[in-house]
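Report on one structure; see the data block that follows.
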Amino acid sequence: MNNEQLLDLVKQMTLEEKTAQLLQLTANFYEGTSVEGQITGPMEEMGITEQSVDASGSILGLSGAQAIIDVQQAYLKKSRLGIPLLFMADVVHGFKTIFPIPLAIGCSWDTELAEKSAEIAARESAVSGLHVTFAPMVDLVRDPRWGRVMETTGEDPYLNSLFSAAFVRGYQGDNLKDEPDRLAACVKHFAAYGAAEGGRDYNTVDMSERNLREYYLPAYKAALDAGVEMVMASFNTVEGIPASGNEKLMRDILRDEWGFDGVLISDWASIREMIAHGAAEDDREAAYRAIRAGVDIEMMTPCYVHHLPELINNGEVEETLIDEAVLRILQLKEKLGLFDNPLRAADPEREREIVFSKEHRQVSYELATKSAVLLKNDNDVLPLKPEANVALIGPFAQSEDILGWWSCEGVKEDAVKIGAALQERLTAGKVHMAQGSNVHTITAEQIAEALEIASKADLIVLALGEDSEMSGEGGSRTDIRLPAAQLELVKQLKAAGKPIATVIFNGRPLDLHGVFEESDAVLEAWFPGSEGGAAIADVLTGVVNPSARLTMSFPQSVGQIPVYYNHFNTGRPLNPQKTEERYVSKYIDSPNDPLLPFGYGLSYTSFEYGDLEVSSNEMTADQPLTIQVRVTNAGERAGVETVQLYVRDVTGEVVRPMRELKGYVKLSLAPGESGTATFTLNEEQLRYHHSDLSHRSDKGTFHIFVGPNSRDTLESTFKLV
């Protein structure tokens with residue numbers, strides 16, 4: 001259908017049909033689903049009619065080719081105008097082939113592989129009947145207490161923007177109609193959900209508009225620039241107004257300033273939640289505020305279907321607002337080709353061939369190897385030698401719980417476990433296994449068994465971490481250390497006097513005290529996905545040389561939070577050589593710096609940096625700088641070095657961060673080989689939001705930093721003239 005035909009279709013719809021098109025419900029409201037007796041109960045609970053269900057526009061959370069075919073066909077038999085349903089789901093880091101959590105994917109610093117993971121997730125989802133994924137989640141995060149940090153790619157707006165665009169390209173391809181194995185992407189959560197106070201889910205967000213624009217909005221804008229079809233409103237307030245009813249955010253910035261003409265959807269029940277926020281008296285006012293803000297689809301509450309017809313008939317809401325929302329939904333359905341083929345790519349036979357295929361799992365494996373961050377490796381404890389006599393101990397030694405939150409159709413039992421994988425690889429050595437503790441509890445018998453197993457080995461590999469329920473949505477924590485039971489296990493095994501290499505499975509940066517100092521080596525595995533055990537075993541044994549770098553700082557303790565690399569200086573900065581000074585900005589019981597900084601990660605080889613070369617000590621608006629550094633692999637293994645470029649604007653109209661990432665180069669170097677990392681830095685990259693919200697640069701002095709992370713760098717200076 002062309003746009004005129006879609007407009008004509010809108011004109012044919014009754015007001016009730018139009019408002020129903022804005023309603024999104026879960027599958028148990030619809031005929032054709034396999035669960036009997038699930039339709040009338042939810043309808044009565046929400047107070048919606050069968051007619052509203054029959055005319056609704058989209059379904060949340062159903063998957064499986066045959067199930068979706070059945071529901072779509074049953075729905076179309078009742079549809080007066082033959083408008084097909086949209087099927088949506090949270091495909092966040094894989095459909096059935098589960099990739100590492102997005103925070104881990106960020107640590108790969110590999111946008112091409114991230115894009116490939118989204119393409120595979122789309123392929124598996126589309127053949128299983130889905131049309132839209134609620135991803136990517138691009139919220140900038142600085143507080144690891146928030147469980148949903150596992151869904152983002154970290155604390156840096158530049159890097160988050162690169163991954164945001166990559167995920168959108170992977171999900172959507174070039175043309176949704178011509179590529180039925182793709183999904184429409186929905187960027188979330190607009191806006192600034194990652195800044196929830198106290199790291200507490202759904203909590204208040206309050207910040208200046210300048211801060212919002214400088215750090216939190218860029219990754220959403222990158223998704224829009226990449227052509228994302230949908231945006232999801234966040235749960236939180238922005239400037240005291242819940243996002244789902246925030247006209248400034250949704251109309252002024254998203255629609256008018258950025259020109260977004262796609263579909264805007266609420267998060268689960270977030271329109272009705274304006275009442276709890278104190279921004280709406282009742283469902284009627286919530287509907288009024290949300291439609292005026294431009295929210296097109298209401299997810300899982302009936303404010304629109306109950307009250308929009310009345311609001312329109314009373315003249316309180318213009319019917320054109322409803323018509324615009326319906327048209328945007330119909331346009332998305334047309335882009336997906338649903339009017340020509342309502343079943344799209346849903347195909348039970350292809351589904352069996354494609355979903356969880358060997359090819360897809362291989363990409364999951366590769367991404368897991370590139371996402372594991374080596375945090376410590378004293379005395380070259382890792383990699384394990386082929387003949388190693390190893391005691392593998394800990395609650396994750398044989399755990400299937402390594403997929404992480406939002407693992408969609410992933411099956412824990414399908415995940416490759418680290419114990420079995422390590423046994424396969426150390427054929428010349430021995431692997432003795434003991435659970436040691438549960439995730440949250442430990443017994444004297446478990447300790448005794450662990451110590452006995454440790455006594456038989458030359459080296460201990462500890463497999464520790466969070467279970468998947470400890471992070472993700474609703475998974476906020478005030479204590480981000482490992483559970484006390486696991487810290488007790490570490491303490492007991494440390495007394496055994498054997499070298500300890502610890503592998504950590506988790507969904508957030510942790511306070512690693514009680515583990516980091518007691519371990520000779522620490523490998524951050526995150527939740528690595530379906531092939532996680534195989535990938536981590538290959539990193540431990542040196543089949544793969546780790547190359548990942550942190551995209552979120554690891555704090556010394558929870559009391560430092562938020563701690564992030566691109567912070568401001570203060571009027572009384574701490575001098576590291578004068579730590580005894582009192583009246584400076586510092587803690588009296590902790591360093592200011594994080595335990596591990598943004599960009600940090602080790603390798604099984606070592607890299608040496610030559611002199612930093614800058615093409616000029618002056619930059620102009622039309623004359624960028626070329627920055628180069630020679631890097632040599634000084635070790636005995638091939639490896640990948642991620643060379644990072646940071647800049648500091650020394651004096652600005654608004655205070656500028658101590659360092660800001662402006663680029664990175666990956667160098668793959670054989671032992672003894674040298675390579676040159678070359679960066680181009682231009683005036684546009686030096687622009688920022690001033691106090692009047694204009695986006696421009698300031699003339700003056702800038703510092704350049706180049707190195708393997710945000711802390712350990714070479715330095716130079718130039719002037720923008």
Side-chain angles (χ1 to χ4, degrees), residues 106 137-143 146 149 152-165 187-197 204-226 231 234 236-241 243 246 248-250 252-254 256-258 260 551-553 561-570 598-599 644-664 681-703 705 710 720:
M137 195 267 235
V138 301
D139 300 334
L140 184 137
V141 289
R142 292 172 170 174
D143 192 334
W146 192 46
V149 299
T152 87
T153 49
E155 68 186 42
D156 181 73
Y158 168 76
L159 198 60
N160 285 356
S161 296
L162 295 181
F163 277 105
S164 174
V187 68
K188 62 185 187 183
H189 305 85
F190 194 70
Y193 189 27
E197 286 184 0
T204 300
V205 171
D206 192 16
M207 66 175 66
S208 68
E209 184 175 347
R210 201 204 70 81
N211 195 38
L212 179 73
R213 288 179 176 273
E214 188 74 5
Y215 300 105
Y216 291 88
L217 294 188
Y220 308 115
K221 182 60 164 57
L224 265 63
D225 291 343
V231 172
S234 56
N236 54 278
T237 55
V238 178
E239 293 187 337
I241 301 173
N246 195 312
K248 178 178 177 180
L249 190 64
M250 302 304 178
D252 297 350
I253 296 177
L254 182 65
D256 297 340
E257 183 181 331
W258 290 358
F260 178 67
T551 57
M552 243 187 123
S553 305
I561 294 169
V563 59
Y564 49 94
Y565 90 93
N566 50 351
H567 59 86
F568 294 158
N569 210 6
T570 74
F598 176 87
Q644 300 158 39
L645 168 68
Y646 299 86
V647 168
R648 182 189 178 196
D649 185 347
V650 177
T651 307
E653 187 260 344
V654 171
V655 173
R656 305 302 300 133
M658 295 295 287
R659 298 186 181 201
E660 293 181 279
L661 181 68
K662 296 297 181 182
Y664 63 94
L681 185 68
N682 60 44
E683 178 271 334
E684 188 176 348
Q685 292 172 276
L686 306 180
R687 298 175 189 174
Y688 69 93
H689 289 90
H690 286 60
S691 58
D692 62 359
L693 301 183
S694 62
H695 194 246
R696 53 191 167 84
S697 60
D698 289 331
K699 291 180 170 56
T701 302
F702 290 77
H703 291 165
F705 308 92
S710 61
L720 176 64

Keeping [X] on the side-chain end and [Y] on the backbone end, is there a donor-acceptor pair under 3.5 Å?
X	Y	value
Gln644	Gly599	yes
Arg659	Ser710	yes
Tyr565	Leu661	yes
Lys662	Leu681	no
Glu214	Asn211	no

Could I get the full list of side chain to side chain contact (heavy atoms under 4.5 Å, CB included) partners for [X], not counting sequence neighbours?
X	value
Asp225	Lys221
His703	Arg648, Val650, Thr701, Phe705, Thr717
Val231	Val187, Phe190, Leu224, Leu254, Phe260, Leu264
Asn236	Tyr193, Val205, Ser234, Val238

Using the side-chain hydrogen bond (donor to acceptor under 3.5 Å, both in side chains) criterion, which residues pair with [X]? Sequence neighbours excluded.
X	result
Arg687	Glu683
Thr153	Asn160
Tyr215	none
Glu653	Ser691

[X] versus [Y], closest heavy-atom pair with distance:
X	Y	value
Thr204	Thr237	CG2-OG1, 3.6 Å
Tyr216	Met207	CE1-CE, 3.4 Å
Tyr664	Leu162	CE2-CD1, 3.9 Å
Leu159	Gly106	CD2-O, 4.5 Å
Ala191	Leu217	CB-CD2, 3.9 Å
Arg210	His689	NH1-O, 2.8 Å

Distance from [X] atom [atom1] to [Y] atom [atom2], nearest 0.5 Å?
X	Y	atom1	atom2	answer
Asp252	Trp258	CG	CH2	12.5 Å
Tyr158	Leu645	OH	CG	8.5 Å
Leu140	Ser164	CG	OG	12.0 Å
Glu660	Asp156	CD	CG	8.5 Å
Gln685	Ser697	CD	OG	11.5 Å
Glu155	Tyr564	CD	OH	9.5 Å

**Request:** Identify, with sequence neighbours excluded, every residue that meets salt bridge (Lys or Arg N to Asp or Glu O under 4.0 Å) alongside Asp143.
**Result:** Arg145

**Complete:** Sorted by chain and number, sequence neighbours left out, salt bridge (Lys or Arg N to Asp or Glu O under 4.0 Å) with Lys248 holds for Glu209, Glu239

**Prompt:** With sequence neighbours excluded, what pairs up with His567 under the ring pair (Phe, Tyr, Trp, His ring centres under 6.0 Å) test?
**Reply:** none

**Request:** Using ring pair (Phe, Tyr, Trp, His ring centres under 6.0 Å) as the criterion, list what pairs up with Tyr688, not counting sequence neighbours.
**Result:** His690

**Message:** Could you go through Tyr646 and Asn566, starting from their C-alpha distance and side-chain angles, then the distance that decides it, and tell me whether this counts as side-chain contact (heavy atoms from CB on, under 4.5 Å)?
**Reply:** CA-CA 10 Å; Tyr646 299 86; Asn566 50 351; over 6 Å; no

**Asked** Going by heavy atoms in the side chains, are Leu686 and Val647 under 4.5 Å from each other?
**Response** yes

**Request:** Show your reasoning for whether side-chain contact (heavy atoms from CB on, under 4.5 Å) applies to Phe598 and Thr551.
**Result:** CA-CA 5 Å; Phe598 176 87; Thr551 57; 4.1 Å; yes

**Request:** May I ask you to check whether Tyr220 and Asp139 show a side-chain donor-acceptor distance below 3.5 Å?
**Result:** yes

